[in-house]
Amino acid sequence: MRVKRWQVASRYTVLIVVMLVTALPFVWAMLMSVRQTSANVFGRNRPPEVFAYPGLMGWGEGADTAEDEGRYRAEDGWWTNYAPRFERALEPTPLAPYTFPATTENYYRVTQDIAIGRYFVNSLLVCLGTVLLTLLLCSLAAYPLAKMRFAGRDVLFVVILSTLVFPEQLILIPLYVTAVNTFQFQDTYHGLILPFAASGLGIFLLRQVYYSIPDELLEAARIDGATEFSIWWRILLPLIRPGLATLAIITFVSSWNNFLWPLLMLTDTELFTLPVGLAYLRGFFSGNIRNVAAGIVIATVPVIVVFMIFQKQFIEGLAGAVKG
Amino acid sequence: MAIQSKPLPVKPTTRSVFKRRKRVAAYAFLAPALGFLTVFFFLPLVQVIYYSFTDFDLYGASWVGVSNYRNLLADPLFWMSLRKSFVYLICTPILIVLSLTLAIVVNRPLKGVAFFRAMYFMPAVISAVAIGMIFELVFAEQGLLNGVLRELGVIRRPIAFLQDPALVLPSIMGVTIWRGVGYYMVMFLAGLQAIPKERYEAASIDGANTLQQHWYITVPGVRPIIVLVGVLSSIAALRAFDEIFILTDGTGGILNSGLTAMFYLYRQAFVFNNVGYASALAVVFSLVIIVFTIVNLRLGGNDAR
């Protein structure tokens with residue numbers, strides 16, 4: 001079937017328009033994060049200032065001095081104001097009214113006042129803990145459900161599946177009470193990990209994967225005298241690796257984005273995960289949206305980079321989970 | 001079953017040794033996960049029902065019978081929040097249409113289409129909190145949306161997306177839809193790739209246009225995925241919290257304009273400490289969700305046959 005040239009063009013137009021809708025909010029946050037003044041991007045009777053040129057660039061203290069005097073060089077700071085030079089160069093071009101000077105100052109402020117690196121580490125630790133424990137528990141539990149015959153197997157499977165039916169908010173309140181009164185989970189890493197470790201969805205997913213492995217393989221290993229544990233560890237785990245990757249991705253994303261539970265559990269800012277830390281930052285800089293924007297960019301860009309590197313695995317992993 | 005009732009032979013054959021060993025192993029493999037599920041799921045499930053009959057407030061509890069439920073049914077805010085949760089469900093059909101359409105578009109063999117797919121999926125990996133904060137900037141009086149609309153001459157005065165009680169919920173739903181489209185698109189892609197190409201070719205020879213082809217081949221072909229996306233996105237819509245929390249500043253919005261049942265639950269339990277009352281709310285709301293999901297699955301399942 002031949003595709004006409006205009007059809008190709010119109011398809012790309014659709015793709016690009018949708019991409020703009022997806023990307024523009026991020027671009028907007030980046031734009032806000034480098035604004036030097038509190039003046040608006042859009043204004044009455046003037047074009048919107050949407051293109052940035054280097055303005056007050058540097059790190060540390062002394063940005064205000066550099067703004068007036070052009071430079072600041074000291075132990076505690078390192079700034080140069082490039083704005084006048086670029087302003088002069090841009091002046092004769094028709095682009096000039098659309099431009100504004102960009103600064104790194106908002107980023108410096110955020111890193112000074114908010115331990116955003118710490119939030120990253122906390123989020124990463126909680127995520128890794130949750131993913132590893134989930135993979136372990138689910139891959140253990142799914143094996144007998146798929147590959148062994150024993151009394152009560154079907155009942156147990158239905159019981160595990162039933163966890164998918166009940167909405168999470170139903171158990172939230174008693175979970176909170178138990179976490180606080182019995183387990184003292186408040187302000188601990190394990191308090192953020194353990195409640196999410198066993199997942200009915202994960203067990204269900206891996207059970208499907210185990211089914212695809214031929215029984216003969218296991219029987220052969222058993223006749224060779226392998227224990228069930230070593231069969232699971234040496235033969236099955238390597239074979240179900242794609243399924244484990246899918247579960248890891250699903251678990252990682254939901255753990256990384258988890259907000260309400262850490263919000264309820266954490267009071268110590270040192271232990272904040274990224275979403276809780278972001279909400280805290282939002283309150284901290286409530287008057288200054290440029291600093292809030294800088295915080296958002298710092299928090300999201302690493303995730304976007306990691307996603308772009310592993311995008312194939314992410315997308316295929318999720319698609320694989322749907323295909324079952 | 002039979003294994004249990006049979007007495008063990010004096011000299012066990014190799015086969016029955018296998019079986020017994022396997023049975024013990026089976027329970028051992030299952031035990032850790034079941035332990036976790038019991039402590040963090042099944043016990044809370046029993047507890048929440050118990051709490052809902054008490055006036056539990058984190059310090060003590062006494063039995064109050066069904067009075068929580070009676071108060072709940074007489075609470076206008078509860079009914080309002082339930083209504084808002086159902087309004088939130090409008091996200092689901094919109095998400096299905098948009099993400100299926102987008103999946104069809106990116107399923108074509110175009111150069112660089114993988115890049116676009118990745119771009120569309122990206123919001124799914126970013127936390128709803130960050131996205132809520134980004135949209136706070138977008139929805140602001142001097143934000144992107146008002147700016148663009150004014151530059152285009154669509155509006156003269158800025159729209160108060162997050163302050164106007166009539167607009168709060170639709171704006172937040174817009175964020176939920178924006179965030180979900182790429183995610184569900186990937187699910188539909190998996191379904192689309194399972195439809196044999198020959199069907200389209202046959203239809204094309206028979207003179208069906210593109211729209212007809214998609215209506216008569218694609219839609220029935222991805223029906224199971226439509227049901228799946230419908231169930232997943234409606235459950236997600238009913239328990240949306242993060243976006244609402246951020247975009248209403250943790251308050252539930254002016255005049256409770258963003259107060260969904262999920263947010264009302266959060267407020268009663270963790271702001272007002274009315275744990276007993278919130279538990280009753282959780283039980284009723286969950287029953288609604290379960291019934292809704294079952295009906296959804298039934299409808300989808302019957303249609304498929």
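Chain letters run A, B, ... following the sequence lines, proteins first, then strands; residues in each count from 1. Computed from a predicted model, the values in this text were never measured in an experiment.
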field: A:Leu164 portion near chain B, given a 4.5 angstrom heavy-atom threshold
entry: neither

message: Is A:Val159 close to chain B through its backbone or its side chain, or both, or neither, when contacts mean heavy atoms under 4.5 Å?
response: both

Among the listed options A:Pro195, A:Ala198, A:Ser199, A:Pro275, the residue most often paired with chain B at heavy-atom distances under 4.5 Å: A:Pro195

message: Is A:Ala29 close to chain B through its backbone or its side chain, or both, or neither, when contacts mean heavy atoms under 4.5 Å?
response: both

query: A:Leu278, A:Ile203, A:Val253, A:Leu172: which one forms the most heavy-atom pairs within less than 4.5 Å of chain B?
result: A:Leu278

message: Around atom CZ of A:Phe252, are there more than 12 heavy atoms from other residues, nucleotides or ligands closer than 6.0 Å?
response: yes

message: So which residue, A:Met148, A:Gln311, A:Arg282, ends up with the most heavy-atom pairs under 4.5 Å with chain B?
response: A:Arg282

- request: Over 60° means perpendicular and under 30° means parallel, so classify the ring planes of A:Tyr143 and B:Phe29, tilted if in between.
  value: perpendicular

message: Heavy-atom pairs under 4.5 Å with chain A: which of B:Glu201, B:Lys111, B:Arg150 has the most?
response: B:Lys111

query: Which residues satisfy the side-chain contact (heavy atoms from CB on, under 4.5 Å) test with B:Val288, sequence neighbours excluded?
result: B:Phe86

query: Which bit of A:Leu145 comes within less than 4.5 Å of chain B, counting heavy atoms only: side chain, backbone, both or neither?
result: side chain

- prompt: Using the ring of each side chain (for Trp, its six-membered ring), is B:Tyr27 parallel, tilted or perpendicular to A:Phe150, with breaks at 30° and 60°?
  reply: perpendicular

query: Looking only at heavy atoms, which two atoms of A:Thr300 and B:Ala130 are closest? And how far apart?
result: CG2-CB, 3.7 Å

field: Derivation and outcome, side chain to side chain contact (heavy atoms under 4.5 Å, CB included), residues A:Trp28 and B:Leu137
entry: CA-CA 8 Å; A:Trp28 179 253; B:Leu137 303 176; 3.7 Å; yes

message: Looking at B:Glu151, I'd like to know if its CD atom is crowded, meaning that more than 12 non-hydrogen atoms belonging to other residues, nucleotides or ligands lie closer than 6.0 Å.
response: yes

query: Where does A:Val306 contact chain B at under 4.5 Å (heavy atoms): side chain, backbone, both or neither?
result: neither

Contact class of A:Leu133 relative to chain B, heavy atoms under 4.5 angstrom: side chain

message: Quick check on the interface: out of B:Ile134, B:Leu34, B:Leu281, who has the most heavy-atom pairs with chain A under 4.5 Å?
response: B:Ile134

Among A:Phe196, A:Phe229, A:Phe314, A:Phe26, residue most engaged with chain B (heavy-atom pairs, under 4.5 Å): A:Phe26

- prompt: Hey, does A:Leu260 have a side-chain heavy atom less than 4.5 Å from the side chain of B:Met262?
  reply: yes

Interchain contact, A:Val41 with chain B, by part (heavy-atom threshold 4.5 Å): neither

query: Would you say the side chain of B:Ser286 lies within less than 4.5 Å of the side chain of A:Phe166, judging by non-hydrogen atoms?
result: no

Between CZ on residue B:Phe121 and OG1 on residue A:Thr22, distance to nearest 0.5 Å: 12.5 Å

- request: Name the orientation class of the two ring planes belonging to B:Phe270 and A:Tyr176 (parallel below 30°, tilted from 30 to 60°, perpendicular beyond 60°).
  value: perpendicular

message: One pair to check against side chain to side chain contact (heavy atoms under 4.5 Å, CB included): B:Leu265 and A:Ile173. What are the steps and the verdict?
response: CA-CA 9 Å; B:Leu265 188 158; A:Ile173 295 165; 3.9 Å; yes

- prompt: To the nearest 0.5 Å, what is the distance between CG (A:Leu175) and CZ (B:Phe40)?
  reply: 7.0 Å

Proximity breakdown for A:Glu316 and chain B, heavy-atom pairs closer than 4.5 Å: neither

message: Working to the nearest 0.5 angstrom, can you tell me the gap between B:Gln142 CD and A:Met32 CE?
response: 9.0 Å

- request: Could you tell me which of A:Met308, A:Lys147, A:Gln169 has the largest number of non-hydrogen atom pairs under 4.5 Å with chain B?
  value: A:Gln169

- line: Scanning both residues in full, the closest heavy-atom pair of A:Trp256 with B:Val125 reads CD1-O, 4.1 Å

message: So for A:Ala293, is it side chain, backbone, both, or neither that comes closer than 4.5 Å to the heavy atoms of chain B?
response: both

statement: Residue from A:Asn257, A:Leu194, A:Ile16 scoring the most non-hydrogen pairs under 4.5 Å with chain B is A:Asn257

- prompt: At their closest point, which heavy atom of B:Pro32 faces which heavy atom of A:Leu137, and how far apart are they?
  reply: CB-CD2, 3.3 Å

- request: Please flag which part of A:Ile249 lies under 4.5 Å from any non-hydrogen atom of chain B: side chain, backbone, both or neither.
  value: neither

- prompt: Is the closest side-chain heavy-atom distance between A:Leu318 and B:Tyr183 below 4.5 Å?
  reply: yes

- request: Kindly compute the distance separating CG (A:Leu170) from CD (B:Gln47), expressed to the nearest 0.5 Å.
  value: 11.5 Å

- prompt: What's the shortest heavy-atom distance between B:Pro44 and A:Pro174, and which atoms?
  reply: O-CG, 3.2 Å

field: Step-by-step side chain to side chain contact (heavy atoms under 4.5 Å, CB included) determination, B:Met122 to A:Val303
entry: CA-CA 9 Å; B:Met122 194 180 62; A:Val303 185; over 6 Å; no

- request: Would you mind checking which part of A:Ile296 comes under 4.5 Å of any heavy atom in chain B, side chain (CB onward), backbone (N, CA, C, O), both or neither?
  value: side chain

query: What pair of heavy atoms forms the shortest contact from A:Leu15 to B:Tyr120, and how long is it?
result: O-OH, 2.5 Å

field: Toward chain B, the part of A:Leu31 with a non-hydrogen atom under 4.5 Å
entry: neither

field: Structural part of A:Thr178 lying under 4.5 Å from a heavy atom of chain B
entry: side chain

Which atoms of A:Phe307 approach chain B - backbone, side chain, both or neither, heavy atom under 4.5 Å: side chain

Using a 3.5 Å cut-off and no angle test, enumerate the donor-acceptor pairs between side-chain atoms of residues 235-243 of chain B and protein atoms at least two apart in sequence or in another chain.
unit_1	atom_1	unit_2	atom_2	d
B:Glu243	OE2	B:Thr176	OG1	3.1

- request: Give, for atom CZ of B:Phe41 and atom OG1 of A:Thr163, the distance between the pair rounded to the nearest 0.5 Å.
  value: 5.5 Å

task: With rounding to the nearest 0.5 Å, note down the distance linking CE in B:Met133 to CD1 in A:Ile289.
output: 11.5 Å

task: Would you check, one step at a time, whether the test side chain to side chain contact (heavy atoms under 4.5 Å, CB included) holds for A:Ile160 with B:Leu30?
output: CA-CA 11 Å; A:Ile160 288 169; B:Leu30 274 161; 4.2 Å; yes

- prompt: So with a 6.0 Å cut-off around CZ of A:Arg46, is the heavy-atom count from everything else above 12?
  reply: yes

